[in-house]
Structures are given as structure tokens and as C-alpha cells.
Amino acid sequence: MPPSSFAPASNIARTALQACLDLLVLLATSITFACVLTAQLQTERIGWVWPSIPYDYTRGDVWIHALLASLVVIPVLMLCRRQGARRSPRWQDLAFALSTLLVLRLGPPDAQVFGTTWTTWEITAGLFLLQWPIVVPLTVAAVMLRRLLGWRGAGAEGF
């Protein structure tokens, strides 16, 4: 039986759909981190506060910042998924977890929300590394959400 002419289009559509799902999970995780971090630093409690600087950094800027940070890792995730078809799902989970950590570091909130004298290292240390009680659960939740949705890679059965 000859191969179906729809197979390449189906693979492209599946890859695009998986990339969109990854993008949505990363975007949601990045925005959640920005809002929870802002609440933690401004109220000293876990909560939800949109980061903002009047007339300079609004909700739209938070969304754009999160989207750009998420788009940075999508090509890497697509490459990992392609290579991961021959490897275990745990390898893909690790790649997604590392991508999530990178998005959380690169994404919102802008450090100027908390003052204007931040150096690059202070941003990494104070707004990312020292926030591990927020970062670790969000990363685990993002990986689990991706797994629950069933996107384990191009070789996943049932899709």
C-alpha cells in the first residue's frame, strides 16, 4: 500500500499544534510568575498583582514580554521534540522544564516595576534565583500540565 500523501501535512499540522500548546503553557506560566512575584514583593504574601508602572509598563506590556520570552524557546522545543521521538518522554520533560526556567528568567515582570537601580546579576539573583518557592512549583506545574494534555512528542500515540 503506497504511503498517504496526507502524512507530511498531518505531521506539519501536529507539530504546529504542539508548538502552539507549548507556547500557551509557557505564556500562562510566565504571566503567573510575573503576577505572583509582584504580589510577593509588594505585599509580602503569595497572591496575584499585575506588575505595572503608570504610563510605562501596563498589562499589555506584560503579555508582550511573556510572549516574546516564550517564543525564544519554541524552536528549541520543536528540535527537542523531533530528537525526543527516539528518546524517553522524561528527556522531553527535562527539556520543557529547562525551557520554562529560561522563560521565567527572561519574561516579565520588568525589573523597573520594583525600582530602577537593578544590575543584571541582581535581576537574576533577586527576581529569579531567590524566588525558588515560586519558580519550582510553577515549573513542575507547567511540565505536568503539558503531560496531562498528552503532548509527549511527535511519537506520542493516540494523537
Side-chain angles (χ1 to χ4, degrees), residues 8-41 48-53 55-114 116 118-132 134-156 159:
S10 173
N11 287 339
I12 291 170
R14 180 179 299 158
T15 301
L17 190 59
Q18 290 170 340
C20 287
L21 179 68
D22 286 346
L23 180 65
L24 290 175
V25 171
L26 291 169
L27 185 65
T29 305
S30 182
I31 289 172
T32 300
F33 176 69
C35 294
V36 171
L37 176 65
T38 302
Q40 176 69 27
L41 294 178
W48 187 275
V49 175
W50 280 93
S52 66
I53 302 172
Y55 310 111
D56 194 29
Y57 193 73
T58 62
R59 285 185 187 191
D61 295 316
V62 173
W63 281 92
I64 291 169
H65 196 168
L67 179 63
L68 292 175
S70 299
L71 285 172
V72 166
V73 300
I74 292 298
V76 174
L77 286 173
M78 290 174 71
L79 180 64
C80 288
R81 184 178 298 111
R82 188 171 176 88
Q83 295 298 320
R86 296 182 291 257
R87 298 179 187 224
S88 73
R90 289 183 184 172
W91 187 81
Q92 291 183 33
D93 289 346
L94 176 63
F96 190 77
L98 293 174
S99 296
T100 302
L101 291 171
L102 182 61
V103 167
L104 293 180
R105 170 53 187 94
L106 295 177
D110 189 333
Q112 290 187 358
V113 171
F114 311 111
T116 58
W118 293 90
T119 65
T120 303
W121 174 246
E122 287 175 324
I123 293 170
T124 300
L127 299 181
F128 181 70
L129 296 176
L130 293 176
Q131 303 307 321
W132 66 267
I134 300 169
V135 170
V136 171
L138 280 177
T139 302
V140 170
V143 171
M144 294 307 295
L145 177 60
R146 184 175 188 247
R147 256 222 181 188
L148 286 173
L149 294 173
W151 299 103
R152 294 185 185 181
F159 292 101

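No experiment lies behind these values; they were computed from the predicted model shown. When reading the values below, keep in mind they use all heavy atoms of this one structure, side chains included, and skip hydrogens, waters and symmetry mates.
- Distance CZ/Arg59 to CD1/Ile64: 14.5 Å, rounded to 0.5 Å.
- For CH2 of Trp50, the number of neighbouring non-hydrogen atoms (other residues, nucleotides, ligands) closer than 6.0 Å is greater than 12.
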### Query
Where do Cys80 and Val76 land on the side-chain contact (heavy atoms from CB on, under 4.5 Å) test, with the steps shown first?
CA-CA 6 Å; Cys80 288; Val76 174; 4.2 Å; yes
Show the atom names and distances, to 0.1 Å, of all donor-acceptor pairs under 3.5 Å that link a side chain in residues 97-114 to residues at least two apart or in another chain.
unit_1 : atom_1 : unit_2 : atom_2 : d
Ser99  : OG     : Ala95  : O      : 2.9
Thr100 : OG1    : Phe96  : O      : 2.8
Arg105 : NE     : Thr124 : OG1    : 2.9
Arg105 : NH2    : Thr124 : OG1    : 3.0
Asp110 : OD1    : Gln112 : N      : 3.1

Please output the side-chain donor-acceptor pairs of residues 24-39 that fall under 3.5 Å, not counting sequence neighbours, one pair per line with the distance.
unit_1 : atom_1 : unit_2 : atom_2 : d
Thr29  : OG1    : Val25  : O      : 2.7
Thr32  : OG1    : Ala28  : O      : 2.7
Thr38  : OG1    : Ala34  : O      : 2.7

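- Considering every non-hydrogen atom in both Arg146 and Gln92, the closest pair reads NH1-O, 3.7 Å.
- To the nearest 0.5 Å, the span separating CG on Leu41 from CD on Gln131 amounts to 5.0 Å.
- Residue Asp93 holds its CG atom at 11.5 Å from CH2 of Trp91, rounded to the nearest 0.5 Å.
- Nearest approach of Ile134 to Pro137, heavy atoms of both residues: O-CD, 3.4 Å.
- Atom CG in Asp22 sits 10.0 Å away from atom CG in Leu17 (nearest 0.5 Å).
- Environment of CH2 in Trp48: crowded, with over 12 heavy atoms of neighbouring residues, nucleotides or ligands closer than 6.0 Å.
- For the pair Tyr57 and Val62, the minimum side-chain heavy-atom distance is below 4.5 Å.
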